[in-house]
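Read the structure below first, then the notes.
For ligands, and for the atoms within them, numbers begin at 1 and follow the listed sequence. Position 1 is the first residue of the sequence; numbering continues from there.
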Amino acid sequence: MKRAILDCYTDEPSGLGVPPYLGVYPRYIYGRIKPAYYLTIDDLRSWKKKKKQSSKPSQKTDISVYNTTKNSQDVQKILESISELIIILGVHTPGKYLSAIPGTLREVINLTRGFKCKKVLTGPAVSGTQLEGGKFFERVNENEFDEMRDYNFDFNDLKAREGASVIKQINDLRIIEIETSRGCPGKCSFCLEPVKHKYVRFRKPDFIINEIKELYNLGCRHFRLGKQSCFYSYPWLEELLKVIWQECPEIKVLHIDNVNPNSVTDEKTELIVKYCTPGNVAAFGVESFDTKVIEANNLNTTPEQTMKAIRIINKHGRKIGSNGMPKFLPGINILFGLKEESKETHNENMRWLNKIYKENLLLRRINIRQVNIYPGTDLQRTAGNKYLKKNRKYYWKWRNEIRQKIDWPMLRKIIPEGTILKEVRTEVYDGKTTFGRQLGTYPIIVGIKKRLPLKSFFNVKIKSHMLRSVVGEVV
Ligand code: SF4
């Protein structure tokens, strides 16, 4: 049977598959069904709209067609020749993406209409998807697809490794998202992870290492151990990190994502600083510093525990690394729209963030978003969008206060004027400005007031600071 995979990109609390990241779904599925074509939503957009990147200096890069594959010239031929199209789609934690736009259900239905092949929907969208924060999920109309399939991969089998060769169909550099565990002992009111996976299961180091080795042998050098709810909870952390370097000594980036502050210890932090590359970030799902909200939503960390974890990571990780960034810093996620949210919630968030700032502790970034409401979660059953509706009028003001009073001065401490950031990769144009970032987890966006060749590396000296980005010049 001839098949194609259509990657519309995925973003979940534990796992990112939006370019420049390559998520686990396309690799695991490819491993199971290969040979198969790999297409992206950008390939379909560019075929359908006959769109090409403009090279006019006045124009912005069109990020809707930025991530085409080696198959982009043959989209029609491929779609006419296959008997099954496996569509990977689903955004549960929408963000702003510098050089990609994930596909929506409506878009993919329109773009694939008229093709006779069997259309199979898979990925996080099977439980709903939403590209904008603060909304209910986009419902799947099952009539539009021939099948909804949950692949239910066993990550301790060989298929994951065998899917690595999908990278051969991508003609661009990718940061490879690697899975280390599934499930979460927590039960946060809004989260689908405990709904999707009843138990916490850890992937054996051998399987992770063999998968990384396979990708490494195909030329991949940038990895993030990011698909899990807490990297610090991984039981074979030292063995894993040590053997990755023994087997793949020329890795350029090895970062992590998602950490539960309760699990942070001095010992594990030292290991992560030792074995991972600089610019690394532990993203803490704090969501709120308001104890009422924490209790009502069953969040799994208290402000005191978060402070303790921030102190530990700062103690071991804030030294500047070889790429110009601190070696390892914490990051914080704040979520608007949770149960019991009030004006006092914002006051509490500001009180604790100020405390962090005044103690001269560094946070690499504060991610603020509005909660999405997914079926099967406690939030959907008990409150829905009640608090979003009630407090939405304050969100701009709350967010702006955090950006102005905490983010901006913090950024100036982390990347002071004159810092040289190494290996900034240029990604998009906006008029005469080029935007780029280092490859890795949560890299800072760098604006350079010049049109530089894209997808190239430059060392950049920092000249000034925006709220969440920096401006620099090539040195
Ligand atoms: S800690 Fe909470 S938000 Fe994070 S994965 Fe677990 S249940 Fe989900």
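- Scanning all protein heavy atoms for the shortest distance to atom 1 (S) of ligand 1 gives Asn300 ND2, 3.3 Å.
- Of the protein's heavy atoms, Cys184 SG, 2.2 Å lies nearest to atom 6 (Fe) of ligand 1.
- For Trp245 and Tyr275, the ring centers sit 6.0 Å or farther from each other.
- Scanning the protein heavy atoms around atom 8 (Fe) of ligand 1, the nearest turns out to be Cys191 SG, 2.3 Å.
- Protein heavy atom closest to atom 5 (S) of ligand 1, with residue, atom name and distance, is Ser229 CB, 3.6 Å.
- Contact annotation: the side chain of Tyr97 approaches that of Asp11 to within less than 4.5 Å [non-hydrogen atoms, C-beta and beyond].
- Taking the charged nitrogens against the carboxylate oxygens, Arg3 and Glu84 do have a contact shorter than 4.0 Å, which makes a salt bridge.
- When only non-hydrogen protein atoms are considered, atom 7 (S) of ligand 1 lies nearest to Cys188 N, 3.6 Å.
- Among Leu241, Ile272, Leu237, Thr180, the single residue meeting the side-chain contact (heavy atoms from CB on, under 4.5 Å) criterion with Ile256 is Ile272.
- Between Phe202 and Tyr234, the two ring planes are perpendicular [angle over 60°; tilted spans 30° to 60°].
- Interface of Phe190 with ligand 1, defined as ligand atoms under 4.0 Å from a residue heavy atom, comprises 3 (S).
- No option in Phe207, Tyr28, Tyr30 other than Tyr28 meets the ring pair (Phe, Tyr, Trp, His ring centres under 6.0 Å) test with Phe153.
- In this structure, Asn260 falls outside the shell of residues with a heavy atom less than 4.0 angstrom from ligand 1.
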